[in-house]
Amino acid sequence: MLLTSKIISFFETPVNTRQLAYFRIALGAFCILKILILFPALNDYYGQYGIIQWAISKAAIGPYLPHLGDLSNFLIESFSISATTAFYTIFISYIFCLLSLTFGFLTRIMAIICWLFHLAWMNTGGAFVYGVDVFTQISLFYLLFMPSGKYLSLDILLKISKPQKTSLAGGMTKRVFQLQMCIMYFSSGVEKVSSVQWRSGEAIWRAVMMPSFKQFDLTWLSNYTFIPFTLGWLTVLIEISYCVLVWIPKFRVLAIFSVIMLHISIGLFMGMWFFSVVMILISLFCYGEECYEDIKKTLSKYNSPFLIKIKQIHKKRLLGKALNS
Amino acid sequence: MIRYLRKVVIRSAIFLHLSIVIITVSHLHEKVYSNIFPALNNLYSAYTNTNRCFGFFAPEVYNDLSVNMTAHSDSTSKKYLFKNVNFETRVRLYSLMGHFGENYDTVQMSLFSRSWALKIFTEDPKVKSVDVKVDWNVIPTMPQYLKGQRIQHSLFYSTHFDAN
């Protein structure tokens, strides 16, 4: 009974709506950047006669999943417009919805539309999908259950919804998201440690040597095999320990800092900047507030005698000035 | 009563969601001999993306693939390159080639290469035929690299398409 109530209270912890709003804004802005960076090649990657034609990407998904082809056909039939106009109308509508989500206008509805839109883009460009799309979709999915428009939003400004300080639904969703991240990093770490490549450091070597990702000439690493070996094990260690360390206040900052550094390295050495940013963004949402509290606590503990001394000196000076005058 | 039911539904949904995620990442779903569960699991994954096997270059970092296409018209032959404008399109093209070689599925390879050829034919009506050649970039291990071995390009897939 005690365990059940502990589990329930673990999940049913309210969260500050400020956190949810920051996550909404960051995710919305990220999605806008993610689609805008592809704009110069948008038609090649997502267009009807692009690198992978719609007929192929549509056949690869189930009939129940959204696809830009369906939306485009609907627009063409309804408004008698050309296929290109329909495609760019969808693009502009998506940007508009993302902007609305970012600014918190009709937040919940926009969260649903953006989630479906993102899914449609993913299904259309299925051949180009990688981690960044998967984690953006996961984030948008969790955002559906969060009242993210209850703080810093146009909804409040226009009195569409009332401001709210804390949210139980938001807290529960955040908890599930935290657990999802733990499960994800742990499983990824276990998969890595089961492979000889990761245990010997060859995986790091191969990742930086692959022509598709090569950013710098790191061939000199072959002379210092202990570097890829250490980095390989460090990656495994960071991923496996994440699920434990983030729940221990003493080590939480270290765990999040390590994960952030890991993703910055992925961006720097493999050029996967968007993937790195979304992973950092998720980690900061999941544990950022807790880390901030941990840092504040630690600082107040270590700085208190120092601060007291400064205050005493300041008081003495003020007293001296008053006496002199 | 409604409040109680709502609580039960939410708690059950969370339990079910996390169970699906754990079952998938631990590969337990592959051991379930049922037609319904994999179908439901795939459907849930397709919408939420939460229940996937998150590997991140695990267990292995495989050799990457690079594509070379040549478009032949009556008088000339020229190389065709996919639009690669920034760091993000570079990663996207890597993903494309990863999906191309996924599970060594020849049907998928044939579909992809047909799609590429069709794009070239659509862009330039003068093109009569297209050659598609996909190379595997075989990366040497660190000791092999020290012995003088370098990245080798071995043929992974090749095909030819005529406009007619």
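Naming: A, B, ... by sequence-line order, numbering from 1 per chain.
Heavy-atom distances place the side chain of A:Ile8, and not its backbone, under 4.5 Å from chain B. Using a 4.5 Å cut-off between heavy atoms, A:Phe213 contacts chain B through both its backbone and its side chain. The contact between B:Asn63 and chain A is made by backbone and side chain atoms together, counting heavy-atom distances below 4.5 Å. Only the side chain of B:Ile10 comes within contact range of chain A, with at least one heavy atom under 4.5 Å from a heavy atom of that chain. With a threshold of 4.5 angstrom between heavy atoms, A:Val132 approaches chain B through side-chain atoms but not through N, CA, C or O. With a 4.5 Å cut-off on non-hydrogen atoms, B:Leu96 touches chain A through its backbone and its side chain both. Both the backbone and the side chain of A:Thr219 come within less than 4.5 Å of a heavy atom in chain B. Contact of A:Asn123 with chain B is not made at all, since no heavy-atom distance falls under 4.5 Å. Only the side chain of A:Met279 has a heavy atom closer than 4.5 Å to any heavy atom of chain B. Contacts between A:Leu65 and chain B at a heavy-atom distance below 4.5 Å involve backbone atoms as well as side-chain atoms. Proximity to chain A (any heavy atom under 4.5 Å) is restricted, for B:Tyr145, to the side chain, taken from C-beta onward. Residue A:Phe141 touches chain B through its side chain alone, counting heavy-atom pairs closer than 4.5 Å.
Heavy atoms only, all atoms of each residue included: B:Leu43 and A:Tyr64 are closest at CD1-CE1, 3.0 Å. Residues A:Gly271 and B:Val91 approach most closely at O-CG2, 3.7 Å, considering heavy atoms. Residues A:Arg206 and B:Val61 come closest through the heavy atom pair NE-O, 2.7 Å. The shortest heavy-atom contact between B:Thr89 and A:Ala41 is CG2-CB, 4.3 Å. When all heavy atoms of A:Glu202 and B:Pro143 are compared, the closest pair comes out as OE2-CD, 3.7 Å.
Between chain B and the options A:Tyr142, A:Tyr185, A:Phe145, the largest number of non-hydrogen pairs under 4.5 Å is found for A:Tyr142. For chain A, the option among B:Leu118, B:Asn137, B:Thr48 with the highest count of heavy-atom pairs below 4.5 Å is B:Thr48. Among A:Ala207, A:Ala59, A:Pro40, the residue with the largest count of heavy-atom pairs under 4.5 Å with chain B is A:Pro40. Ranked by heavy-atom pairs under 4.5 Å with chain B, the list A:Ile51, A:Val176, A:Ile183 is led by A:Ile51. If you tally non-hydrogen atom pairs under 4.5 Å between each of A:Phe275, A:Phe274, A:Tyr49 and chain B, the highest count goes to A:Phe274. Of all the listed residues (B:Val85, B:Leu111, B:Thr141, B:Val25), the one sharing the greatest number of non-hydrogen pairs under 4.5 Å with chain A is B:Thr141.
Partners of A:Phe186 by side chain to side chain contact (heavy atoms under 4.5 Å, CB included), not counting sequence neighbours, listed by chain and number: A:Val190, A:Ile240, A:Cys243.
Between B:Arg92 and A:Tyr130, the closest side-chain pair of non-hydrogen atoms falls below 4.5 Å. B:Lys119 is listed as a side-chain neighbour of A:Gln53, based on a closest heavy-atom distance under 4.5 Å. Between B:Ser115 and A:Trp54, the closest side-chain pair of non-hydrogen atoms is not below 4.5 Å. With contacts defined as side-chain heavy-atom distances shorter than 4.5 Å, the pair A:Met270/B:Phe57 qualifies. Looking only at side-chain heavy atoms (C-beta outward), B:His17 and A:Gln180 come within less than 4.5 Å of each other. Using a 4.5 Å heavy-atom cutoff, the side chains of B:Met142 and A:Met209 are not in contact.
Between atom CD of residue A:Glu12 and atom CZ of residue B:Arg11 there is a gap of 4.5 Å, rounded to the nearest 0.5 Å. Here CD1 of A:Ile37 is found 4.5 Å from CG of B:Asn86. Values are rounded to the nearest 0.5 Å. Atom CG of A:Asp133 is separated from atom CG of B:Asn49 by 8.5 Å, given to the nearest 0.5 angstrom. In this structure, CZ on A:Arg175 lies 11.0 Å from CD1 on B:Ile14, to the nearest 0.5 angstrom. The structure places NE2 of B:His99 at 10.0 Å from CD1 of A:Ile52, a figure rounded to the nearest 0.5 Å. The distance from the CE atom of A:Met210 to the OH atom of B:Tyr62 is 11.5 Å, given to the nearest 0.5 Å.
Heavy atoms of other residues, nucleotides or ligands lying less than 6.0 angstrom from CG of B:Leu5 number more than 12. Residue B:Phe37 qualifies as enclosed at atom CZ: its count of foreign heavy atoms under 6.0 Å is above 12. More than 12 heavy-atom neighbours from other residues, nucleotides or ligands sit within 6.0 angstrom of CZ on B:Arg150. By the 6.0 Å contact criterion, NZ on B:Lys133 is open, its count of non-hydrogen atoms from other residues, nucleotides or ligands being 12 or less.
Judged purely by atom type and a 3.5 angstrom limit, A:Trp273 has no side-chain atom pairing as donor or acceptor with the backbone of B:Glu88. No donor-acceptor pair under 3.5 Å is formed between the side chain of B:Glu60 and the backbone N or O of A:Gln197. Within the 3.5 Å criterion, the main-chain N or O of B:Lys83 finds a donor-acceptor partner in the side chain of A:Tyr45.
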